[in-house]
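To start, the structure itself, in structure tokens.
Residues take their numbers from the sequence shown, with the count starting at 1.
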Amino acid sequence: MGLSEFALIERYFRGVGAQRADVTLGVGDDAAVLRVPPGSELVVATDTLVAGVHFPQDSPADSIGHRALAVNLSDLAAMGARPAWALLALTLPEADEAWLGEFARGLGELAHTHEVALVGGDTTRGPLCITVQLLGYLPSGAALNRGGARAGDVLFVSGTCGDAAAGLAIEQRRLTGPAEARNWLRERFLWPTPRVALGEQLRGFASACIDVSDGLLADAGKLASASHLGAELAWSDVPLSEPLTTLLGERRARELALSGGDDYELCFAVPADNIARLFAQLPAQQWHYTRIGALRATPGTVVVRDGSVMEFSHSGYEHFV
Ligand code: ADP
Ligand code: MG
């Protein structure tokens, strides 16, 4: 690399994100030293983005930085954890300084938003690949896992679904439509909003939670099976954005909302006894979540439309090819 690895790290990655008082040692030593608040458990997740696999090679560099952190923030949100520290393992084909500046800015801005400090990482040469490890914490014993739901718990999802899958299809020129709708959906893919505050708030209400990265149907199914249950989703309750229905029409929009990935919304179960308190303390209009179904003892995930179980194929995505 033209730029030495040391200079690259100093220039682009030291001081990225929030400055936190609980970082005893950050970027620059052999390892980071962090102080976890007493009475807490450490919550850790890591996710890799490979160019050409998880994002188009020519995506804007700032959006790649944003997404690399966002996907991990979403995992911590799904646990109900508060994010705090990140590590960045970066594999780069070359030290392109314009690219690095934009990448670090995209990652840094989202890190600031969530008070996350970049405390270390690794830099190597090779095909573009980004791994972020994110550490956070929560009160001991308070984690929201996938497996805590009971039959009869109500299932909710935050935001709207299918937007990011449509945005990726637009990015790849497999889908077109009015410019305003296209731009909005494209942004939903390039700049996902991890539901960190909602995840933390749900600690007092939800019995189980998962983030929607592989598609609502698949991820609701994972929550259900981790809880040794099945799930019943109501076709007409799946939340859709206006731009998605504008581009695809209602039926295809709902298919994509059930099958498409990369939304990074939260899907969570709430026991019937907690529902009134949930609605009172986290108003649905303010926190943007929708009831989509319920958990049941019968295994398997089904979508019900007008009282009958739908045959659902996972072909929504391929519709654009
Ligand atoms: P080592 O030889 O100990 O692996 P490195 O030269 O890889 O050291 O890294 C030097 C310091 O810079 C370490 O503190 C490491 O955590 C940090 N670092 C390396 N790459 C990155 C990166 N991409 N982002 C943030 N910190 C990094
Ligand atoms: Mg190293």
Side-chain angles (χ1 to χ4, degrees), residues 37 39-45 70-84 113-115 134 136-161 192-234 236-240 257-258 263-297 301 304:
S40 307
E41 283 177 305
L42 191 63
V43 182
V44 189
V71 298
N72 285 282
L73 285 165
S74 181
D75 281 326
L76 256 63
M79 303 306 293
R82 172 167 299 186
T113 301
H114 295 286
E115 293 177 60
L134 185 64
Y137 55 88
L138 42 64
S140 291
L144 282 178
N145 50 40
R146 297 177 180 185
R150 298 278 192 89
D153 288 0
V154 178
L155 206 53
F156 295 89
V157 71
S158 64
T160 53
C161 298
T193 306
R195 305 300 179 186
V196 176
L198 177 62
E200 259 202 284
Q201 291 295 324
L202 286 174
R203 275 196 323 244
F205 304 97
S207 54
C209 188
I210 187 169
D211 75 316
V212 182
S213 52
D214 296 337
L216 182 58
L217 195 62
D219 289 321
K222 283 183 213 164
L223 183 153
S225 52
S227 299
H228 307 288
L229 298 169
E232 187 177 308
L233 273 55
S236 50
D237 291 342
V238 172
L240 302 176
L258 286 161
D263 283 320
Y264 302 105
E265 296 295 345
L266 294 181
C267 175
F268 54 97
V270 179
D273 287 351
N274 290 353
I275 299 277
R277 211 165 46 86
L278 174 77
F279 288 159
Q281 288 182 37
L282 302 179
Q285 286 96 327
Q286 187 186 327
W287 288 87
H288 304 291
Y289 62 86
T290 309
R291 177 184 186 135
I292 51 164
L295 292 152
R296 56 182 202 172
T301 305
V304 176

Exercise for review: Could you grab the distance from atom OG of Ser213 to atom CG of Asp219, nearest 0.5 Å is fine?
Suggested key: 4.5 Å
Review point. Of the options Asp263, Leu202, Leu266, Thr193, which is the one that meets Ser158 in a side chain to side chain contact (heavy atoms under 4.5 Å, CB included)?
Key: Leu266
**Study point:** Partner residues of Asp214 under the salt bridge (Lys or Arg N to Asp or Glu O under 4.0 Å) criterion, sequence neighbours left out
**Key:** Lys222
Review point. Does CZ belonging to Arg291 count more than 12 external heavy atoms closer than 6.0 Å?
Key: no
Revision key, fill the gap. Only residue of Leu233, Val212, Asp237 satisfying side chain to side chain contact (heavy atoms under 4.5 Å, CB included) with Val157 is Val212
Check your understanding: Are Leu155 and Cys267 close enough that some pair of their side-chain heavy atoms sits under 4.5 Å apart?
Key -> yes
Review point. For Leu144 and Gly199, which heavy atoms make the closest approach, and how far apart are they?
Key: CD1-O, 3.9 Å
Practice item. Kindly assign one of parallel, tilted or perpendicular to the pair Phe268 and Phe156, based on the angle between their ring planes and the thresholds 30° and 60°. Key: parallel
**Study point:** Heavy atoms of other groups near Gln281 CD, more than 12 under 6.0 Å
**Key:** yes
**Study point:** Residue pair Ala231 / Leu295: nearest heavy atoms and the distance that separates them
**Key:** CB-CD2, 4.1 Å
Check your understanding: Can you name the residues that form a salt bridge (Lys or Arg N to Asp or Glu O under 4.0 Å) with Arg82, not counting sequence neighbours?
Key -> Glu200
Practice item. Locate the shortest heavy-atom distance separating Pro194 from His114; write the atom from each residue and the value. Key: CG-NE2, 4.2 Å
Revision key, fill the gap. Sorted by chain and residue number, the side chain to side chain contact (heavy atoms under 4.5 Å, CB included) partners of Ser225 (sequence neighbours excluded) come out as none
Point to revise | Partner residues of Asp211 under the side-chain hydrogen bond (donor to acceptor under 3.5 Å, both in side chains) criterion, sequence neighbours left out | key: Ser74
Point to revise | Partner residues of Val43 under the side chain to side chain contact (heavy atoms under 4.5 Å, CB included) criterion, sequence neighbours left out | key: Leu76, Met79, Ala81, Leu138
Exercise for review: Identify, with sequence neighbours excluded, every residue that meets side chain to side chain contact (heavy atoms under 4.5 Å, CB included) alongside Thr290.
Suggested key: Pro239
Point to revise | Under 3.5 Å: donor-acceptor pair, side chain of Arg150, backbone of Ser207 | key: no
Check your understanding: Quick check: does any side chain N or O of Arg146 sit under 3.5 Å from a backbone N or O of Ile210, one acting as donor and the other as acceptor?
Key -> no
Check your understanding: Nearest heavy-atom pair of Gly148 and Ser227: which atoms, and what distance?
Key -> N-OG, 3.6 Å
Revision key, fill the gap. Rounded to the nearest 0.5 Å, the OH atom of Tyr289 sits from the CZ atom of Phe279 at a distance of 5.0 Å
Check your understanding: What heavy-atom pair brings Ala269 and Asp153 nearest, and what distance separates the two atoms?
Key -> CB-CB, 4.1 Å
Check your understanding: What closest approach, in Å, do Leu134 and Pro83 show between heavy atoms, and which atom pair accounts for it?
Key -> CD2-CB, 4.0 Å
**Study point:** Interatomic distance, Leu198 atom CG to Phe205 atom CZ [nearest 0.5 angstrom]
**Key:** 10.5 Å
